[in-house]
Structure formats: structure tokens, C-alpha cells
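Right, one structure below, let's go through it.
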Amino acid sequence: MASDAAAMVASVARSHVGRVRAVNEDRVFDCPERCLWAVADGMGGHHGGDVAAQMVIEAFRQPCEDRPGAAPAMLEAIGAANRTIVRRNRAEGTDAGSTVVAAHLAGRIATIAWVGDSRAYLIRGRTVSLLTHDHSLVQDLIDAGLLTPAAAMHHPQANVVTRALGIADSVDIAVRRVSVLDGDRLLLCSDGLSRSLDDGNLSCGQPLPAFADTLIAGALERDGRDNISLVTIEIAASPAALRAARPPLGQQRAWWP
């Protein structure tokens with residue numbers, strides 16, 4: 001049975017290969033009946049970044065399918081994904097990895113967990129708040145006062161992350177908990193979206209599926225050099241929004257093209 005919290009949310013997942021790359025190394029996970037969502041951005045190209053990202057999503061399947069989602073299970077899934085990718089890299093001599101950003105909702109508390117530069121945003125009316133802090137080289141330079149956010153967008157090492165799944169036996173998972181209100185939206189996304197995000201398009205006026213489509217279209221128009229993926233979650237969605245965004249029970253699944 002779906003939890004009470006699941007009855008108060010709708011969610012939509014989207015992923016696009018972009019305009020340049022031949023392979024989509026992003027994966028998204030959308031499990032509203034267990035209030036559990038994730039976006040994974042694989043790294044490694046021919047070494048299997050897409051495989052690493054899929055391993056992250058597979059790790060999320062168990063807490064979604066076996067029992068009601070919970071924040072500890074979300075963190076366990078991220079740790080399990082890290083260990084699985086490390087084992088594969090050692091067995092096959094590869095160096096694939098993945099970032100991840102995930103969310104779990106319990107009542108009016110959203111727990112956000114992340115590793116790398118995939119992001120989470122809270123959208124409240126026309127106010128947009130970044131909930132995560134990138135684990136990246138350019139973010140470290142910004143924090144040290146050596147680089148401005150505007151210059152970071154064009155830095156030659158803008159895609160270098162300082163923390164990822166699959167690199168070491170253990171991984172430091174960042175966690176943040178936030179209170180959410182009726183009408184709020186959470187946005188989880190890969191950097192292919194966040195690098196070209198226009199805050200002016202992040203109001204909650206559009207229905208959830210159209211909102212997700214608008215974000216993908218905008219990212220493709222402004223950049224499109226990377227894979228673009230998102231999950232967007234609406235709190236206390238109307239019955240009409242729930243019907244539009246959620247497939248029949250039993251058909252919900254991890255999604256990718």
C-alpha cells in the first residue's frame with residue numbers, strides 16, 4: 001500500500017541524451033508510492049558511465065519495492081551503489097563513476113542526499129532555493145574566493161567533481177533536511193540541466209508534466225552539450241495533477257530512454 005505521504009505528492013521524471021552525445025549516461029528514479037526519487041549522472045564514457053548510473057538506480061529499487069521508503073534506506077542505497085560500482089571497476093579494470101542526488105519525503109520533511117554535482121532545488125511560488133552544495137573543483141574555487149560563479153560556468157574544468165560514487169570503498173554522503181509546504185516543488189537534476197537553468201522558468205504555474213518538458217526544452221535550447229535529466233516532485237498536488245503525473249499503480253518504475 002502507498003503511504004499517506006505518497007497520497008500527497010505527484011512526480012514526473014524526464015531524461016534526454018542532449019544534442020551532442022551519442023550515449024545517455026544519466027538515469028532517473030521515480031517511486032512516488034514510496035516517496036523516493038533519485039537522479040544519477042554517470043561518468044566514464046566508454047568505461048561504462050551509463051552502467052554505473054544504472055547501478056545506482058538498481059540500488060534504489062530494493063527499498064522502493066520491498067518496503068516503504070525511508071531516509072535511512074535511501075542512504076543505504078547510495079552506499080550499496082558505491083560498493084557495487086567499486087567492485088565492477090576492480091573486476092573489469094575500469095574507472096566509471098556516478099554522481100547522485102536523491103530525495104525522500106516523510107510528512108512535511110524532505111531529506112535530500114547527494115554526492116557530486118547533481119543538484120536539488122526547492123521551488124516555492126517564484127522563489128527558487130538551491131538545497132545542495134556541489135562537490136566539484138569549481139565550487140571549491142568559489143568557496144575559496146578564487147573564482148566567481150559566473151566564471152565557473154566557463155571554467156575548463158567545470159565538469160570535474162571532487163566526490164563521486166565508485167571512486168573509493170566508502171563515500172561521504174551529504175544530507176540536508178528541509179520543511180516543505182503545500183504547493184512546493186522539489187527539483188532533482190543532473191548538471192546538464194543545472195548549468196543552463198533559467199530561474200525565471202521555475203515558477204509553479206505550469207502543470208507538472210508541462211513544467212518538466214519546459215525545463216528539458218529550455219536546457220536543449222541554451223546548451224544541450226550534456227545529457228539532461230530531472231525528477232520534479234509536487235507537494236500536496238491536486239487530484240488532477242496526481243492523475244496526470246502518475247501512471248497506474250504497478251506501472252511505476254525506474255525510467256530512462
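Just so it is clear, the structure is predicted and the values come from calculations on it, not from any experiment.
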May I ask whether [X] and [Y] are part of the same hydrophobic cluster, defined by side-chain heavy atoms of I, L, V, M, F, W, Y residues being less than 4.5 angstrom apart, directly or through others?
X      : Y      : result
Met74  : Ile109 : no
Ile57  : Met43  : no
Val20  : Val23  : no
Val86  : Ile167 : no
Val161 : Leu193 : no

Side chain to side chain contact (heavy atoms under 4.5 Å, CB included) for Tyr121 and Arg185? Distances and angles first, verdict last.
CA-CA 8 Å; Tyr121 294 85; Arg185 286 180 179 174; over 6 Å; no

Can you name the closest pair of heavy atoms from [X] and [Y] and give their distance?
X      : Y      : answer
Ile85  : Ala52  : CD1-O, 3.6 Å
Val138 : Ala152 : CB-CB, 4.0 Å
Ile228 : Gly192 : CG1-O, 3.8 Å
Ser196 : Asp223 : CB-CB, 4.1 Å
Ala96  : Arg88  : CB-NH1, 4.0 Å
Val231 : Ala13  : CG2-CB, 4.1 Å

Distance check, rounded to the nearest 0.5 Å: [X] atom [atom1] versus [Y] atom [atom2]?
X      : Y      : atom1 : atom2 : value
Leu147 : Leu141 : CG    : CG    : 5.5 Å
Arg124 : Leu181 : CZ    : CG    : 4.0 Å
Ile173 : His135 : CD1   : NE2   : 10.5 Å
Arg19  : Glu221 : CZ    : CD    : 8.0 Å
Ser98  : Gln54  : OG    : CD    : 11.0 Å
Leu122 : Asp184 : CG    : CG    : 5.0 Å

Could you walk me through whether Trp37 and Leu186 pass the side chain to side chain contact (heavy atoms under 4.5 Å, CB included) check?
CA-CA 10 Å; Trp37 303 270; Leu186 294 169; 5.8 Å; no

Within a strict 4.5 Å, meaning less than it, do heavy atoms of the [X] and [Y] side chains meet?
X      : Y      : value
Arg119 : Thr132 : yes
Phe29  : Leu36  : yes
Asp226 : Ser190 : no
Asp172 : Arg163 : yes
Arg14  : Pro209 : yes
Ile142 : Thr148 : no
Asp191 : Asp134 : no
Ile78  : Phe60  : yes

For the pair [X] (side chain) and [Y] (backbone), establish whether a donor and an acceptor sit closer than 3.5 Å, ignoring hydrogens and angles.
X      : Y      : answer
Arg21  : Val17  : no
Trp114 : Arg176 : no
Asn82  : Gly166 : yes

Is the closest basic N to carboxylate O distance between Asp182 and Arg108 below 4.0 Å?
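Judged by the 4.0 Å cut-off on N to carboxylate O distance, Asp182 and Arg108 do form a salt bridge.
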
Does the distance from a Lys or Arg side-chain N to an Asp or Glu carboxylate O, for Arg90 and Asp169, drop under 4.0 Å?
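Salt bridge flag = yes for Asp169 with Arg90.
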
Side chain to side chain contact (heavy atoms under 4.5 Å, CB included) for Val101 and Ile112? Distances and angles first, verdict last.
CA-CA 7 Å; Val101 59; Ile112 310 298; 4.2 Å; yes

Side chains of Asp143 and Gln139: any donor to acceptor distance under 3.5 Å?
yes

Given Asn89 and Thr94, is the side chain to side chain contact (heavy atoms under 4.5 Å, CB included) satisfied, shown in steps?
CA-CA 5 Å; Asn89 283 339; Thr94 55; 2.8 Å; yes

